[in-house]
Every structure is written in C-alpha cells, then in structure tokens.
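In the text below, chain A, chain B and the rest are named by the order of the sequence lines, each starting its count at 1. Values below: every heavy atom of this structure, side chains too, minus hydrogens, waters and symmetry copies.
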Number of protein chains: 2
Amino acid sequence: MAEIERLPTIADVARACGVSMRTVSRVINGARNVKPATRVKIEQEIERLKFRPNPQARGLAASRSYLLGLVYDMPNALYLDTIQRGITGTCRSSGYELVIHPCESTGSDTVIADTLSFVRRSNIDGLIVLPPVSEMAALPPALDEAGVDYVLLASVDLVDPVHLVRSAERLACEDMTRHLIELGHRDIAFISGPSDYRSTRERLEGFRDAFRAAGLALNEELILKGDYGYHSGYSAGNALFSRRQKPTAIFASNDEMAFGVFNAAAEAGMSVPNDVSVCGFDDVVFAERTLPSLTTIRRPSLAMASLATEKLIALIEGRDDVANRMQAVVPLELILRNSTAARR
Amino acid sequence: MAEIERLPTIADVARACGVSMRTVSRVINGARNVKPATRVKIEQEIERLKFRPNPQARGLAASRSYLLGLVYDMPNALYLDTIQRGITGTCRSSGYELVIHPCESTGSDTVIADTLSFVRRSNIDGLIVLPPVSEMAALPPALDEAGVDYVLLASVDLVDPVHLVRSAERLACEDMTRHLIELGHRDIAFISGPSDYRSTRERLEGFRDAFRAAGLALNEELILKGDYGYHSGYSAGNALFSRRQKPTAIFASNDEMAFGVFNAAAEAGMSVPNDVSVCGFDDVVFAERTLPSLTTIRRPSLAMASLATEKLIALIEGRDDVANRMQAVVPLELILRNSTAARR
DNA sequence: ACAAGAGATGCCAGCGCTGGCATATTTCCA
DNA sequence: TGGAAATATGCCAGCGCTGGCATCTCTTGT
C-alpha cells in the first residue's frame, strides 16, 4: 500500500470522523458549540493521527501567526534566560511560539522603527517588551497605531495598565533603605542609574521615601550618578571613599555597580561590611558568590514574564481576562546577605 | 476616497508594474531569470508600496516557514544573549526569524522528544542546537529522520561536518596549560566538568596534551571531578587546599568553578595569584570584575553563532555554500588577567 | 404535539503566495 | 536570415485552514 508521505491535515481527521472540516476546526480552536460526544471522538482521532494544525495555514486563514515577539536590548542581559523561560512556559500551554528580536540600541527612533519593522515582517500577534526599550515614551503610541497587542515590562505608568507588568521597585528600595537605617546607618550613599530610565527615578524615590518615613535628613551630596554599568559603580565608589567623611553604607541601585563598589572598597582598604555596608539591586547569579555575598533585591523575573504572557494572550484573544483585571504589580524580595552589617 | 485599510499584496505590486504576480514573486525570491529592467521596476514599486510578503502565505505555498529554531538548555546561560544576537543578526539579512525553545532538561529522551515536537508544532525550517543538548548522540539521527535541517554548536564529531560548528577547545586548553607550565608551575590541578559532556573530555585532553608536549609527568590525583557548577568548584578547591602538598596552580575547566576556587582559596587563607594561580574557561562577564580578575579562555560566541546560522540557511536553501565547505572550527582566545602568576 | 428558539454542523470561498508548466520573447549561430 | 536554444513571463491550481452564513437537529414550554 503506497502510503503517501504527508502529514495529516484537518481533512483527514474530518473524513475519519465523518464530520466536516469546520467541526474539526471548531474543536481545535476550542469553540464552545460542539456536542461533547463529537468533540471527544475528534480529539481521539487527532491524537491517533498525531495531527497538528499547520500554523502557516491557520495564520493565513485567520490572519494570525500564533507567534509572540520579545523585544529587548540590554548589553548585560543576565536575567534574559529566566524571562525567556517564563514566556515560553506560558506560550507552550496556549499554542504560541516566541520569536526574539534583540535590537541594537541606537537611539529611540531607530529602536522603535526597528521594532515596528520586526512586527510587520514577522506578523507576530503580540509583543512583549523589556526595559529599557519598554520605557521609551514614544513606543506605546507607535504600537497602538500599528495595531499590535503588547505588554511592557516596565516601571512606567503612562500607559493603560492592561499593557503593563511592573515590580514595586520604589517600595523595595524603601524597604532596603529602612534596613540600612535600622542597622544604624545615617550616612548612606546612593548610586543611581542613567537619568533617562524610569527605574532610576523609582529607585531613588524609594530611597528618599525611607528617609522621609524615618524623619531623617538626607545628604544630597551622597547621591551619585551612575549608569548601571560596573565601571560607573567603581568610579562612584572611588569618589565616595576619597571623601573626608565617608558614608557607612552604599546603596548601589543595581548589582553591577555594587560590584564596582566592592572593588573600589578593596582598593581603598575598606572592608565590606565592616567599614562600609554595600547593597545592590537585581540579585544576579554572582551576587551570592562574591566575598562577601551581596545583599540585594530580587525581582521575580519568571513570574513577571509568565504574567506578561498571560496578559498578552488574553489581549490577543480578546478575552477580558482576570490577568488583565488584576493590578500587575509584583512584589520584590529583599535578599539579605553578608555585605550589609550594623554600623560600627 | 475610501482607501481600504489593508496591507499591499503581491497582486498590488504586479498590477502597478503591469506584470504577473509570478514575476513579482520571482523578484522577491531572487530568481535569476528576470530581466534587469523588470526587476528594478518591481523593486522600486515594492519600495514605494512598502510591500512585505506575508510569511504565512509564503510558508503555506512553499511549505516553508522562514523560521529558525534555537534549542538550548543551560541553567546559567551567560552567553545566551551573545548567541542570540549572532543568530538574529544573520537571520535579518536573509529574511528569517528566530524562534526559541528553552527545554527543561529531564533526560535525553524527553529532551529529544520535546525538540521534535517543537519542530513539528512550529514548522521551523531549521534548528540550531546549543550544548549540552547538541552533544546528545541520539539527537542527530532523530533530526535526520524528522527531516529538519540543523546545525549543532558542539564538541562532537560523530556527525557530518556540515551540521557542526565547534571551537578548538582542546587546543586552547593545551595553550592555557602551557602558559601555566611556562610560569613555572608543575603541580597543576584540573577540575573537570560532568563526565557525560563531550567538552569535559576535550578540555581534559588538552590539559594532558600540554604535559605530554612538555615531557612532564602528570599527577592524576590532581584531576578532580566537577560539574561546571560553582559549588563543585568550591568543593574541589577545598579538597585541593586541604592536601599536604597543595597545587600551585588550578585550571578550573569553566569560570563558574574557578569562582568557586577563588572563594575556597580565600577561606583557606590562600592568596590568588601569590599562593596559587587559578584559571577558568568561558570568559563570562564577571571574569574581569573579580579580584583578582580571572585568566580564562574566550569562546567567540557571536562569530560561532553567525557561522552556524549561515551554514543552516545554506543547508535549508540547498546551496552548496562556502560556509558549508569550510572547516567550522573556530579558534579560542586566551585572556590573560591577574589570577595567574609565576610560581613563587 | 408543535412552534420557536437554541444549539450543532456543514458548505464554500478565499487568505497571499509559489510550483509546475505553457507560452512569449530574445539571443545566437550556422 | 531562419530556427533552435536560452531566457523571460504568464496562467492557474492549490497549499491547509477559518469566516460567514445556511442548514439541520435537538430542547423546551404550552
């Protein structure tokens, strides 16, 4: 019997079940109005034939691609894998695949144009955008106009909350600062991120909140500008350690910069945490492997990515989902390790 | 004028140029037999209309998806971003997109089944596989049978070289070991990776090669088993530092484990590199930020990924490309930093 | 028992493009 | 300069699926 080497199609399933293709299609797409008996029979046949709907054909007929896009642009994407697993994990149970688009950061205009071109080229159904791209104010309008569904992981709120998943950075920074204050520190330095990132402001505000709440005065001279890069943390550390009155604690607003401070401290002969407490933000893998291990703040990346994906799929499929109703602000976790200690 | 809100199709281009759709299709697909004048005219019209071929329709008609898949499964994918950029960079100039598939490592069978299911579900045209998945012996046959094109980034040679891109790990490890020998070290320890990885053997063989080439005897007791994880490096370090005769140099076969050794050394009161030289393999970002910075081996991930992508696309498009002719073994680079020094 | 409505199913066109082949046009050599 | 070969172009079916609507089959209430 010359069996034709060809994957089964919806027609094969329909024929075998004695129903029309349309009914099989309904089962595949989870339409409600199919008699349970029919549905079961079709599902069994699908299983038996190992039938898988052809995404190209589905896409062409329904003007959908069943593809989600991930746009990112971070030089040191240490949590990229976690984010990707969060997304693909949720994709898998809903029949979507993830197409990635790392963009070369060369100014807001270019990045947006690049993103739009990606969307059109690939016909993706929806987009998940990571910071810092997600924090560009011009992006949401451009995406709206292009008619793509999207969810941003960002610390912005200029956008309809259905499009947003963010973590409570400000609150976490306030908590961390309170922790330092409770350890007896008063001269606490803060190394901020690049001024054009929203998170920079959020984190700094959290820092201020803690002082405000404790009724303590804040020395503005101890707030230094960094850029989330290792070297900027190192320079800031050097600057702080060469002051006549050195801070007793330094809150670097990300781990990279905290490591820079570590090395500046070592070179200045300052011991962490005996002479100075240091903490960061991100909880990168290496944070627990340094000597001393780094007190930092952990963002639940996997959970955020899953949540974003759920929201996006709900958006695409036009469902008014719980995922889109709830406040998508996920809490962060303080990870207390050995780089912070009571003031001597 | 009620302009219909609809993206231009190949028919619009054809009409505007007074040619048939088939001819436009030829131009899009770079067929050779189109009169230059016609081609130019069509290209201009495509540009003017901002026409982009619909990938679903193309895919359906030509049974292709213009999608490449990336299968990986590494807990600490520090170079993932680099790999992804290498692939997407090359994809972009050839009209492909990249779909990622991180798999949950739960045994070779599961991973292979998972990969095959991914291939069928997503209809990707070709696959790029990263180690350790790429080193599973059962994978290539399964992929061959499934009729997918694929390229492996792996240290294996059980497979037709058209499917392979690898780096000269053994040679690099020999070079690194020679470097240690030239620094006067003789009691050199080696911390290997998990025994089921091919790279583990390659790296260890390189280590042996250097001793052999130098006519030196190798103390087998100084070869310890690790698993590429931080903790295994730490334990191995502890074991080595508690020996009566301590090694004067330790070659950890990846950076993670080298960092483990760093911390074990610190706790044992050994100074790196004064009391003991330490080197690693991978050149992760943090390698230059530790104190001391880590001497290590850099794999040209971006170049390897680009090369793999070129090979894969040549394979898919049936071209007998240069990329598939050349030996796809890329050299590694020794990065000499401060964790290695002459024996005291 | 029957109409009205709700639920289940079927029919067919067409999504946008390319493959295979037929046809038209140009090129080139005897 | 004729005609064969080479090159360029066109025609049409059909890839596998879903949308819209028509049709058929069950409920349910009176």
Side-chain angles (χ1 to χ4, degrees), chain A residues 4-43 45-46 49-67 95 120-123 125 316-318, chain B residues 4-43 45-46 49-67 95 120-123 125 316-318:
Chain A
I4 297 171
E5 187 67 71
R6 170 179 77 72
L7 294 174
T9 75
I10 206 175
D12 299 320
V13 179
R15 201 175 314 113
C17 292
V19 299
S20 75
M21 282 165 50
R22 195 65 187 83
T23 300
V24 178
S25 170
R26 285 192 179 94
V27 171
I28 295 169
N29 292 286
R32 249 187 322 287
N33 49 345
V34 177
K35 205 199 300 179
T38 316
R39 154 164 290 128
V40 168
K41 187 173 177 189
I42 293 175
E43 279 167 350
E45 195 57 30
I46 287 177
L49 258 37
K50 296 197 189 317
F51 164 77
R52 294 287 172 274
N54 177 319
Q56 274 71 42
R58 288 225 288 175
L60 184 57
S63 355
R64 314 237 283 95
S65 64
Y66 300 91
L67 257 26
R120 285 214 37 200
R121 243 196 351 258
S122 60
N123 256 1
D125 294 337
I316 292 171
E317 304 188 342
Chain B
I4 298 170
E5 187 67 71
R6 168 179 77 75
L7 294 174
T9 75
I10 208 176
D12 298 320
V13 179
R15 201 174 314 113
C17 292
V19 299
S20 75
M21 282 166 50
R22 194 65 187 82
T23 301
V24 179
S25 169
R26 285 192 179 94
V27 171
I28 295 169
N29 293 286
R32 252 187 319 289
N33 49 344
V34 177
K35 206 197 303 179
T38 316
R39 154 164 289 130
V40 168
K41 188 172 174 190
I42 293 175
E43 279 168 350
E45 194 58 29
I46 287 178
L49 257 40
K50 298 199 189 315
F51 164 78
R52 295 286 172 274
N54 177 317
Q56 274 71 42
R58 290 224 288 174
L60 184 57
S63 0
R64 314 239 281 96
S65 64
Y66 300 91
L67 256 27
R120 286 215 36 202
R121 243 196 350 257
S122 61
N123 255 4
D125 294 336
I316 292 170
E317 303 187 343

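Legend: residues meeting salt bridge (charged side-chain N to carboxylate O under 4.0 Å, His left out) with B:Arg121, ordered by chain and number and at least two apart, are A:Glu97. Partners of A:Asn54 under the side-chain hydrogen bond (donor to acceptor under 3.5 Å, both in side chains) rule, at least two apart in sequence or in another chain, do not exist in this structure. Residues satisfying the side-chain hydrogen bond (donor to acceptor under 3.5 Å, both in side chains) criterion with B:Arg15, sequence neighbours excluded, are B:Asp12. Residues forming a side-chain hydrogen bond (donor to acceptor under 3.5 Å, both in side chains) with B:Glu317 (at least two apart in sequence, or on another chain): B:Tyr96, B:Arg319. Residues passing the salt bridge (charged side-chain N to carboxylate O under 4.0 Å, His left out) test with A:Arg52: none are found, sequence neighbours excluded. The salt bridge (charged side-chain N to carboxylate O under 4.0 Å, His left out) search around A:Arg22 returns none, not counting sequence neighbours. Listed by chain and residue number, B:Arg64 satisfy the salt bridge (charged side-chain N to carboxylate O under 4.0 Å, His left out) test with B:Asp125 (two or more places apart in sequence, or in another chain).
The CG-C1' distance, from A:Asn33 to D:dT23, rounds to 14 Å in whole Å. For the pair A:Arg22 CZ and D:dA22 C1', the computed distance is 13 Å after rounding to whole Å. Atom pair B:Arg32:CZ and D:dT7:P shows a separation of 10 Å (rounding to whole Å applied).
Across B:Phe51 and B:Ile28, no two heavy atoms sit closer than the pair CE2-CD1, 3.5 Å.
On the nucleic acid side, DNA chain C contacts chain A at distances under 4.0 Å to non-hydrogen atoms, with the end points of that region at C:dA8 to C:dG16.
Nearest-nucleotide assignment on DNA chain D puts the 5′-proximal partner with B:Val34, out of A:Lys35 and B:Val34. The 5' end of DNA chain D is approached more closely, in terms of each residue's nearest nucleotide, by B:Gly18 than by the other of A:Met21 and B:Gly18.
In the region residues 51-67 of chain A, proximity to DNA chain C at under 4.0 angstrom, judged on heavy atoms, holds for A:Leu60, A:Ala61.
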